[in-house]
Amino acid sequence: MTENIYVTPQQSSLTEGNFKTYRNIVTGNEPWFFWIWYEVVSTLFGGLGGILGIITRRLFFQKLFNKNSGKIIIGRGITVRRPKQICLGSGVVIDEYVTLDVKDDGFIEIGNKALISKNSQIVAKNGQINLEAGVNIGFATRIATQTKISIGESTLIAAYCYIGPGNHQKSFDSHILIDKPMKLKGGVNIGSHCWIGTRVTILDGVTIGDGAIVGAHSLVISDVPPGATVAGTPAKIISSI
Ligand SMILES: CC(C)(COP(=O)(O)OP(=O)(O)OC[C@H]1O[C@@H](n2cnc3c(N)ncnc32)[C@H](O)[C@@H]1OP(=O)(O)O)[C@@H](O)C(=O)NCCC(=O)NCCS
């Protein structure tokens, strides 16, 4: 067996495998009673189906969050880590099996009437994610950052997208990449009233202007002007308003 096993910094803390690590992941530095409340509520109501599940999660789950306006719908089987670092607006819908995951000093803010569809993941690893009012995130999309991602009002993101992936720093003195920190480029900024097609990847550092459209299966590596339609790998302008 190999003596030195190289892992990511996050993997390193996870593989310690103790309760302290677990508690830190799910509720951060919140007091013990909050962690116990989190455990009770998740165990009793987290997996409950039907209207009973929706009602009980509305009553009990939402109190876990930093701020919420009451009228939220939370589907069964969602994973919420560090709920005190998550704000939900009025009428927000979090569908079944969504993950809202905050690490370290990260923060997630979801605006009024935003919809996060099934199996999607919103991951603020020490960064800030801001989804404005009316944003619609399709099935199984991942939005993850160590810096910042903002998505403007009423922007539509189709299924199976990945927004925010960054680069691992290359090392010149060894072939080992996995334990190197990420090379951060400032996050992703998507404007209002955009339409991002299915299976699009938008890399860290990209800004997409208001009203832009990104074609299905595109890889966006550079900025997109407002009102432009881009497509392809890498994405290029195919038309503009
Ligand atoms: C980007 C899109 C909106 C463009 O539609 P359009 O304006 O009608 O464009 P056209 O079909 O006339 O295509 C214009 C050119 O762009 C190319 N193109 C269009 N979509 C493309 C794509 N996704 N990837 C690569 N090239 C694409 C076409 O081949 C055509 O090239 P040509 O001029 O060399 O023949 C559309 O093709 C698309 O990808 N829609 C996303 C669908 C989706 O994901 N829906 C999810 C539901 S929310």
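Indexing begins at 1, ligand by ligand and atom by atom, following the structure's order.
Looking at heavy atoms from C-beta onward, P165 lies in side-chain contact with L203 at the 4.5 angstrom threshold.
No more than 12 heavy atoms of other residues, nucleotides or ligands sit less than 6.0 Å from atom NZ of K71.
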Q.
The test is side-chain contact (heavy atoms from CB on, under 4.5 Å); show your working for F139 and D95 and say whether it passes.
A. CA-CA 9 Å; F139 177 82; D95 207 346; over 6 Å; no

**Q.** Stepwise side-chain contact (heavy atoms from CB on, under 4.5 Å) check, I137 with V98
**A.** CA-CA 11 Å; I137 309 294; V98 160; over 6 Å; no

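Taken from NZ in K125 to NZ in K103, the straight-line distance is 6.5 Å, to the nearest 0.5 Å.
Protein heavy atoms are found inside the 4.0 Å sphere centred on atom 39 (O) of ligand 1. Within the 4.0 Å cut-off (strictly below), no protein heavy atom is located near atom 30 (C) of ligand 1. Checking atom 22 (C) of ligand 1 against the protein gives a heavy-atom contact under 4.0 Å. Protein non-hydrogen atoms do reach within 4.0 Å of atom 48 (S) of ligand 1. Under the 4.0 angstrom criterion, atom 6 (P) of ligand 1 counts as lacking any protein heavy-atom contact.
Considering backbone and side-chain atoms together, A216 places an N or O closer than 3.5 Å to an N or O of ligand 1.
We find that K185 and D204 are not joined by a salt bridge, their nearest charged nitrogen and carboxylate oxygen being 4.0 Å or further apart.
Every atom of ligand 1 with a heavy atom of G197 under 4.0 Å away is listed here by number and element: 44 (O). Every atom of ligand 1 with a heavy atom of W195 under 4.0 Å away is listed here by number and element: 3 (C), 40 (N), 41 (C), 42 (C), 43 (C), 45 (N), 48 (S). Below 4.0 Å from some heavy atom of A158 lie the following atoms of ligand 1, by number and element: 46 (C), 48 (S).
Selection from C161, S218, A231, A159 by nearest heavy atom to atom 26 (N) of ligand 1 gives A231. When the options V230, I237, T198 are ranked by their closest heavy atom to atom 43 (C) of ligand 1, first place goes to T198.
Summary of contacts: the protein heavy atom closest to atom 4 (C) of ligand 1 is I238 CD1, 4.0 Å. What sits closest to atom 36 (C) of ligand 1 on the protein, heavy atoms only, is G215 CA, 4.9 Å.
Side-chain contact of R142 with N119: a donor-acceptor pair under 3.5 Å is absent, judged by distance alone.
Relative to the ring axis of F45, R57 does not place its NZ or CZ within 45° and under 6.0 Å from the centre.
Side chain of R199 to main chain of A158: no donor-acceptor pair is present (N/O by atom type, distance under 3.5 Å, no hydrogens or angles).
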